[in-house]
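Report on the following structure.
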Amino acid sequence: MKQTCKTFIVQACNAWGQTSVAFHTHYCVEQADVGKARGDYLGHRRPAYTFKGADVGRHICAMRDHSGWTCWSFIENPRIEESAA
């Protein structure tokens with residue numbers, strides 16, 4: 001996968017009204033990713049998703065926090081930077 005932007009921070013209130021911080025990174029699915037599986041699709045500890053040929057060119061947002069929680073999903077409007085880290 002090709003990273004399309006530097007990791008950025010998203011801060012919001014969680015279900016308990018406490019401030020929660022997550023780190024987001026956007027990627028573009030490449031041909032080399034077809035057939036590979038990535039866990040935590042649509043939620044932490046959720047089943048893996050195996051990328052298909054139709055997914056090439058689509059973008060995903062990978063999310064994580066300081067506790068080890070991870071999740072990712074397909075997105076429609078990714079951040080794209082010229083010099084993504």
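Computed from a predicted model, the values in this text were never measured in an experiment. All residue numbers refer to positions in the sequence shown, counting from 1.
When all heavy atoms of Arg45 and Asp40 are compared, the pair lying nearest together is N-OD1, 2.8 Å. Minimum interatomic distance between Tyr27 and Ala62 (heavy atoms only, all atoms of both residues): CE1-CB, 3.9 Å. The two atoms that bring Lys52 and Val34 nearest to each other are O-CG2, 3.8 Å, heavy atoms only.
The salt bridge (Lys or Arg N to Asp or Glu O under 4.0 Å) check on Arg58 picks up Asp55, with sequence neighbours excluded. The side-chain hydrogen bond (donor to acceptor under 3.5 Å, both in side chains) check on Asp65 picks up Ser67, with sequence neighbours excluded. Under the rule for a side chain to side chain contact (heavy atoms under 4.5 Å, CB included), the partners of Cys71 that lie at least two apart in sequence or sit in another chain are Met63, Trp69. Residues forming a side-chain hydrogen bond (donor to acceptor under 3.5 Å, both in side chains) with Lys36 (at least two apart in sequence, or on another chain): none. Residues meeting the side chain to side chain contact (heavy atoms under 4.5 Å, CB included) test with Pro78, sequence neighbours left out: His26, His59, Ile75, Ile80.
The CZ atom of Phe51 sits 6.5 Å away from atom CG of Asp33, with the distance rounded to the nearest 0.5 Å. How far CZ of Arg38 is from OG1 of Thr70: 8.0 Å, rounded to the nearest 0.5 Å.
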Please list every donor-acceptor pair under 3.5 Å in which a side-chain atom of residues 8-22 meets a protein atom from a residue at least two apart or in another chain.
from, atom 1, to, atom 2, distance (Å)
Asn14, OD1, Trp16, N, 2.9
Asn14, OD1, Gly17, N, 3.2
Asn14, OD1, Gln18, N, 3.0

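A donor-acceptor pair is defined here as one N or O able to donate and one able to accept, closer than 3.5 Å; such a pair exists between the side chain of Glu81 and the backbone of Lys6. Using a distance-only test at 3.5 Å, with no hydrogens or angles considered, a donor-acceptor pair links the side chain of Gln3 to the main chain of Cys5.
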(request) Go through the steps to decide whether Arg64 and Thr25 satisfy the test side-chain contact (heavy atoms from CB on, under 4.5 Å), and finish with yes or no. (result) CA-CA 9 Å; Arg64 64 181 171 82; Thr25 308; 5.6 Å; no
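The aromatic rings of Tyr49 and Tyr41 sit tilted relative to each other, their planes meeting at an angle between 30° and 60°.
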